[in-house]
Amino acid sequence: MDIATLQAYGYFFLTAFLVVVLYGYIYHLYSAEKKGTRDYEKYGNIALHDDISDQPIEEISKTDEIKK
Amino acid sequence: MENRPLEYDYTVAKMFMLTTVVLGIVGMLVGVILAWELAFPAVNTIAGSGLAEYTNFSRLRPLHTDAVIFGFTVSGIFATWYYVGQRVLKVSMAESKFLMALGKLHFVLYILLVASVVGSLLLGITTSKEYAEFEWPIDIAVVVVWVIWGMQIFGLIGIRREKSLYISIWYYIATFLGVAMLYLFNNMEVPTYFVSGGIGAWYHSVSMYSGTNDALVQWWYGHNAVAFGFTVPIVAMIYYFLPKESGQAVYSYKLSLLAFWGLMFVYLWAGGHHLLFSTVPDWMQTMGSVFSVVLILPSWGSAINMLLTMKGEWQQVASSPLIKFMILASTFYMFSTLEGPIQAIKSVNALAHFTDWIVGHVHDGVLGWVAFMIMAALFHMAPRVFKREIYSKSLMNTQFWIQTLGVVLYFTSMWIAGITQGMMWRAHDEFGNLAYSFIDTVTVLHPYYTIRAVGGTLYLVGMFLFAYNMYKTMTSGRRVEESELQSASPMGA
Amino acid sequence: MFHWLEKNPFFFAVAVFVVIAFAGLIEILPNFAQASRPVIGTKPYTTLELAGRHVYIKNSCNACHSQLVRPFKSETDRYGHYSLSGEYAYDRPFLWGSKRTGPDLMRVGNYRTTDWHENHMKDPAAVVPGSIMPAYGWMFKNKADVDTAYAEQVTVNKVFKTPYNAELPMADGSKVKVALADSVEAARASALEEAKVIAADMKDQDVKDAVAKGEIPEIVALIAYLNSLK
């Protein structure tokens, strides 16, 4: 198993992995929206309603521990 | 809710806005001098032959690239971060004494760094590795300044109110991480002063890698300094400023998420296209070339997302010069990220490598996309930061058209020059001898070098108009209230 | 899974880092050792040649000149044999360059002489009509930094095992040894000896006087380096 074949395998599985991940991601984004579990487009409004006094699109409730 | 302070705090943003304008002018002025030096060599001794060492092409070229990358662009990244970061995370920097103090320290260290870079490069203290020319003491200072910025990003995220990170924040995080990783590996150097026990120049170092490896690490860094310096942070800016200025949410937030991960993965592979037909292993060259072509997809994903954001609002392009700047920036981004992959195709690269066509690609990207977007961002920020309307809309329009003409003159002349070089270098006569000596391919380019110099000068004139417009906005623009600042930026006549 | 990622900046950052680091791990790391093995006939630089290389770097000659001959007939006709990876084994940093405003210099030592370089560096347009290369008059006055060159020799020898004071095979079967002085004074002396050979072919009286006095102008070191590019 010389380095070249190792690289080839690395390259192949990596590409396969990422094709799956990226397509899984698109599918997740659209299916979540269709099923109504999450509307991703509302996050686009974070840029529009960005005054300090604006209501956050998604509140950080006290229970959530804010990740540093 | 606890009583929140009413205002975002833009003190640090304003500081970096200043360096963006100043270093932009300095970097581009040096670029224009270089352009005229190539067209008319007498310009090399513009300050007399006594100072020729410091005014000729050799010493100014690294100063030009580093001034516009680490001066203008990085200042623009920091300025926009200290503005966009607060607004999309809905937290004011004034709420954290630590972050405010750190921000000011960040600025002071950055200024010292810029001064030391200008000084060392003029003296010829360079490692020769493009866009990584600093010797090891300055490299360490760069790491410190960059880590401080990283602490700013994650510090502000830590005290945010908006739970989900807006797409721009993703891109700022990626900028920080990308450059950190790349810069560290490409600037691995061994200081000769210590190893040799105190002999020779104390600042001199030798690269950790040699020959083909050094070339590979350098251009893995070189291409991705372009990625994480000229693309990712500027995409972060346009994802905030175009929706905010046009009052339209981004066309598809889902597409922006997808394009982000695609860009992150693909960009890193493409460095090999700087080394086609060199002594780098063939399979790595092919991967660099293939992934450069694949790179079109995530790049255009973001760019088209921007253009579609204007759906139904295209009249704004006619009415607002600020929207003109951003839309043309996005278009130049598409243009440049199509031209790059074409040049990365092996057979095209065989013609284009080492020629001026590459310079044309670089500058339609940086002048058309990066600089336009940074100026648009600063113009949008000005009324919010100074609480005054932008001084003159007509001046901004004039600046837009002068600079657009400048960019077009620049890259068209460089295309012609580059392809002429490529064709002439490889031309054989009917007996199989080389048709042209090297100097033939230099003298024939004089008209194109002149057109390029004119284009660059026009762009520099635009930069002075930009600086003047910003200065007058800061000092004598009409005061505006919060209500006028909802989306489109208020502008004087 | 993705949504959780978008909410947690720390793990988001880790994910980004993994994705962007992947290319480097697969592409660069594995071939490191193999790509830098020297080819027969590759020699490390002498003290004077290295000082000249530093003058080359100090004036960003690589901004306009490349040192990489690609495997095309048009390039091998113009510049000589195409470059081999091993030829760059002792080049720290590499000087391939990314632009040919001026010609490739990979094998300039084969077809340019000391005298030609002297005239050309002093006034390029006089030697090559139409040249847009600036003149480098100050190289005839500035002194080369031989100490730093020696410090670099010691460093690469100690840290990277660059084979100084070792029998190196040449293409024609002979053996060559590149000496590494054991002290900076010895290094200065050997560099001066080399400089005298080059100055003998030069006409500029100031340079000849300087070398006679034991100083080495930058131009002499640069020419030594350019002549070594074969």
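Below, read A as the first sequence line, B as the second, and so on, with proteins coming before strands; counting in each chain starts at 1.
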Checklist line | Donor-acceptor contact below 3.5 Å, side chain D214(B) vs main chain F94(C) | finding: yes
Margin query: Using modelled atom types and a 3.5 Å cut-off, is there a donor and acceptor pairing between side-chain atoms of K129(B) and backbone atoms of P93(C)?
Written below: no
Checklist line | Part of V266(B) within contact of chain C (heavy atom distance under 4.5 Å) | finding: neither
Notebook entry, point to check: Does a donor on one side chain sit under 3.5 Å from an acceptor on the other, for Y82(C) and T279(B)?
Noted result: no
Check: Given a strict heavy-atom distance threshold of 4.5 Å, which part of I439(B) is in contact with chain C: side chain, backbone, both, or neither?
Finding: side chain
Checklist line | Closest contact, heavy atoms only, S207(B) versus R92(C) | finding: O-NH1, 3.5 Å
Notebook entry, point to check: When you measure from the side chain of S85(C) to the backbone N and O of T212(B), does any donor-acceptor pair fall under 3.5 Å?
Noted result: no
Check: For residues H204(B) and D145(C), is any side-chain donor paired with an opposing acceptor at under 3.5 Å?
Finding: no
Check: Do T101(C) and V442(B) touch side chain to side chain, with heavy atoms closer than 4.5 Å?
Finding: no
Checklist line | Side-chain (R61(B)) to main-chain (S60(C)) donor-acceptor, under 3.5 angstrom | finding: no
Check: Which bit of D77(C) is near chain B, if near means a heavy-atom gap under 4.5 Å: side chain, backbone, both or neither?
Finding: both
Next item on the list: Go through the side-chain N and O atoms of S196(B) and T155(C) and say whether any donor and acceptor fall under 3.5 Å apart.
Entry: no
Note to self: Any non-hydrogen side-chain atom of R59(B) less than 4.5 Å from a side-chain atom of N59(C)?
What the structure shows: yes
Notebook entry, point to check: Does any N or O in the side chain of S210(B) come within less than 3.5 Å of the main-chain N or O of Y90(C), such that one atom is a donor and the other an acceptor?
Noted result: no
Item checked: Contacting moiety of L84(C), where chain B heavy atoms sit under 4.5 Å -> backbone
